[in-house]
Amino acid sequence: MNPLPPSFYEQDVDRVARALIGATLTVDGVGGVIVETEAYDAADPASHSFAGRTARNAAMFGPVGHAYVYRIYGLHHCLNFVCGTSGSAVLIRALEPRHGIDIMRERRGSALRVEQLCSGPGKLCAALGINLGLDGVSLASRPFDVRKAPTAVPVIVGRRIGISKAAERPRRFGWKDSPWLSREIIA
DNA sequence: TGTAGGATCGGCT
DNA sequence: GCCGATCCTACAG
């Protein structure tokens with residue numbers, strides 16, 4: 001359960017996406033265990049970095065081990081971890097809530113079941129209080145805390161979700177049979 | 001300068 | 001399963 005060093009993110013983005021399953025992410029002490037991720041890079045037509053560096057995606061081309069946060073559909077946010085190859089990042093899609101569940105409910109709605117708090121990229125950003133102010137911020141310092149998975153976990157791979165280009169590429173990773181996934185993982 | 005569409009979510013049919 | 005919310009990026013003209 002040690003903090004993940006910046007060198008961890010230097011690995012191939014698909015390897016990082018897989019290795020993050022089981023890691024613990026908190027923001028100001030609120031968060032839980034990562035159960036679902038997706039990999040993107042500059043050679044991927046579905047990636048924001050595919051068309052090159054712009055003002056929005058600058059963090060994807062910035063320092064490794066920093067956050068790339070963007071707004072989607074005008075109202076939600078998504079969190080990514082920037083990796084070694086320039087323009088590559090891992091989208092964090094779902095968490096098992098562990099810490100600060102009362103605060104998550106304050107932010108997301110007091111009537112929600114625990115399974116609904118972080119079961120999607122937009123949901124977990126709302127629950128953890130992630131916004132554009134965290135774009136480009138280092139994951140190795142506050143408010144972020146990312147810790148290595150204490151033990152190996154069973155990971156399955158499938159096609160990505162919610163994209164129109166290259167969705168069939170097997171770049172979605174999830175904790176096998178986890179009840180905390182955003183959706184079932186389909187190969 | 002104008003505008004189509006997106007790595008989503010929740011409510012309604 | 002479908003649709004609207006809501007904003008800002010990217011690209012066309």
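The analysis underlying the following values was restricted to heavy atoms, covering all of them including side chains, and did not include hydrogens, waters or symmetry mates.
A sub-4.0 Å separation between OP1 or OP2 of B:dA7 and a side-chain N or O of A:H48 is present. Listed pair A:K123 / B:dG10 meets the phosphate criterion, a side-chain N or O lying under 4.0 Å from OP1 or OP2.
For B:dT3, the paired nucleotide is C:dA10, the pair qualifying as Watson-Crick or G-U wobble because both relevant distances are below 3.5 Å.
A:Y40 qualifies as a stacking partner of the B:dA7 base, centre to centre under 5.5 Å and near-parallel within 30°.
Mapping A:G120 and A:R71 onto DNA chain B by nearest heavy atom places A:R71 closer to the 5' end of the strand. Remark on DNA chain B: of its neighbouring residues A:Q116 and A:L79, the 5'-side contact belongs to A:L79, judged by nearest-heavy-atom nucleotide.
At least one donor-acceptor pair closer than 3.5 Å links the side chain of A:N57 to the backbone N or O of A:H48. Listed for the A:R169 side chain is no donor-acceptor partner under 3.5 Å among the backbone atoms of A:R160. When atom types are taken as modelled, the side chain of A:S88 and the backbone of A:T85 share a donor-acceptor pair closer than 3.5 angstrom.
B:dG10 atom P lies 10 Å from atom CG of A:L117, rounded to whole Å. Separating the CG atom of A:L181 from the C1' atom of B:dA7 is a distance of 17 Å, rounded to the nearest angstrom. Put simply, CG on A:L112 is 12 Å from C1' on B:dC9, counting in whole angstrom units. Computed from coordinates, the A:L75 CG to B:dG6 C1' distance equals 11 Å when rounded to whole Å. Across the protein-nucleic acid pair, A:N80 atom CG and B:dA7 atom P stand 11 Å apart, rounded to whole Å. Protein atom NZ of A:K165 is 12 Å distant from nucleotide atom P of B:dG5, rounded to whole Å.
Here the nucleotide nearest the side chain of A:P121, chosen from B:dA7, B:dC9, C:dC11, is B:dC9. Among the nucleotides C:dA5, C:dA10, B:dT8, the one closest to any side-chain atom of A:T54 is C:dA10. For A:N57, the side-chain atoms get nearest to C:dA10 when compared with the rest of C:dA10, B:dC9, B:dA7.
Residue-level contact check: A:R160 touches neither bases nor backbone, having no heavy atom under 4.0 Å from any strand. Contacts of A:R108 with the nucleic acid, taken as non-hydrogen atoms under 4.0 Å apart, involve only primed sugar atoms and P, OP1 or OP2. Counting non-hydrogen atoms under 4.0 angstrom, A:L91 reaches a base of the nucleic acid. Within 4.0 Å of A:G74, counting heavy atoms only, lies at least one base atom of the nucleic acid.
Using P as the reference atom, C:dA5 and B:dT13 are 15 Å apart when rounded to the nearest Å. Remark: the separation of the P atoms in C:dT6 and B:dG2 is 23 Å, to the nearest Å. C:dC11 and B:dA7 have their P atoms separated by 13 Å, with the value rounded to a whole Å.
Under the 4.5 Å side-chain criterion, counting only non-hydrogen atoms from C-beta, A:V114 is in contact with A:R105.
Counting distance only, with no hydrogens placed and no angle test, the side-chain atoms of A:Y70 and the base atoms of B:dA7 include a donor-acceptor pair under 3.5 Å.
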**Request:** Step by step, work out the side chain to side chain contact (heavy atoms under 4.5 Å, CB included) result for A:H66 and A:S138.
**Result:** CA-CA 4 Å; A:H66 286 225; A:S138 169; 3.7 Å; yes

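Classification of A:R171 and A:D41 as a salt-bridged pair holds, one side-chain N sitting under 4.0 Å from a carboxylate O.
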